Amino acid sequence: MPEANPVEQWQAALEEAGELTPELVEQITGVHDDRGVRAIEAVGEGRVKAYQDFTIVVGYEDEYIVEAEGCTCKDSEYNLDDDDPTEQCWHVLAVAIARRVGHVDYHDMWYSEVRELL
């Protein structure tokens with residue numbers, strides 16, 4: 001069996017711990033730099049929201065749809081190498097972290113309906 005990549009390693013450790021420890025914060029930011037820092041901040045600020053149709057991360061300028069480890073942000077679209085698992089936008093990282101530590105804000109409604117109201 002192949003050895004886990006750095007992303008799989010921190011995800012497994014976070015899944016097991018169920019919380020962000022100083023060691024895990026260091027591991028995540030060591031792999032993802034500033035994107036990891038932004039993701040951790042978003043989780044701490046409750047900006048990861050799950051709806052019936054999408055998971056959303058409230059960013060600095062807009063809300064971004066995250067699904068299947070893809071994101072609607074410009075960083076994902078233009079800057080990241082899809083073949084490198086360490087290259088993920090901070091929105092995708094925030095969802096991965098929030099799900100593992102139980103800090104997703106769940107809404108029993110469709111995001112598409114909420115978006116129409118904005």
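Heads up: numbering here begins at 1 and tracks the sequence. Just so we're clear, the structure is a prediction, and the values are computed from it rather than from any experiment.
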Do [X] and [Y] have side chains that approach each other closer than 4.5 Å (heavy atoms only, starting at C-beta)?
| X | Y | answer |
| --- | --- | --- |
| D75 | L80 | yes |
| R38 | Y60 | yes |
| T55 | K49 | no |
| T86 | N5 | no |
| Q9 | Q27 | yes |

Legend entry - All salt bridge (charged side-chain N to carboxylate O under 4.0 Å, His left out) counterparts of E15, not counting sequence neighbours: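 Listed in chain order: R100.
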For [X] and [Y], work out which heavy atoms get closest and say how close.
| X | Y | value |
| --- | --- | --- |
| V31 | P6 | CG2-CB, 3.8 Å |
| G36 | I28 | CA-CG2, 4.1 Å |
| V7 | P85 | CG2-O, 3.1 Å |
| L24 | A13 | CD2-CB, 3.5 Å |
| S76 | C71 | OG-CB, 3.5 Å |

Legend entry - Partners meeting ring pair (Phe, Tyr, Trp, His ring centres under 6.0 Å) with Y78 (sequence neighbours left out):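 Testing Y78 for ring pair (Phe, Tyr, Trp, His ring centres under 6.0 Å), a comparison that skips the adjacent residues, returns none.
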Flag yes if [X] and [Y] sit in one hydrophobic cluster, no otherwise; membership is Ile, Leu, Val, Met, Phe, Trp, Tyr, and two members link when side-chain heavy atoms are under 4.5 Å apart.
| X | Y | result |
| --- | --- | --- |
| V104 | I40 | yes |
| V92 | Y111 | no |
| V48 | Y106 | yes |
| V37 | V43 | no |

Donor-acceptor pair, distance only, cut-off 3.5 Å: does the side chain of [X] make one with the backbone of [Y]?
| X | Y | result |
| --- | --- | --- |
| E63 | I56 | no |
| D33 | R35 | no |
| E67 | F54 | no |
| E45 | A42 | no |

What distance do [X] atom [atom1] and [Y] atom [atom2] have between them, rounded to the nearest 0.5 Å?
| X | Y | atom1 | atom2 | answer |
| --- | --- | --- | --- | --- |
| D62 | H91 | CG | NE2 | 9.0 Å |
| E61 | C73 | CD | SG | 11.0 Å |
| E16 | Q11 | CD | CD | 14.0 Å |
| L14 | R99 | CG | CZ | 13.0 Å |

Inset, instruction - Verify side chain to side chain contact (heavy atoms under 4.5 Å, CB included) between E41 and W90, making sure each step is shown before the conclusion. - result: CA-CA 10 Å; E41 288 172 354; W90 68 266; over 6 Å; no
Legend entry - Salt-bridge criterion met for R47 and D105 (N-O under 4.0 Å):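 D105 and R47: not salt-bridged.
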Legend entry - Pairs touching residues 14-43 that satisfy ring pair (Phe, Tyr, Trp, His ring centres under 6.0 Å), sequence neighbours left out: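 Ring pair (Phe, Tyr, Trp, His ring centres under 6.0 Å) check on residues 14-43 returns W10-H32.
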Counting only heavy atoms not in [X], do more than 12 fall under 6.0 Å of its [atom1]?
| X | atom1 | value |
| --- | --- | --- |
| D34 | CG | yes |
| E26 | CD | no |
| N79 | CG | yes |

Legend entry - Qualifying residue, where the test is side chain to side chain contact (heavy atoms under 4.5 Å, CB included) with V57 and the options are I65, V95, T72, L93: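 In the set I65, V95, T72, L93, the residue that makes a side chain to side chain contact (heavy atoms under 4.5 Å, CB included) with V57 is V95.
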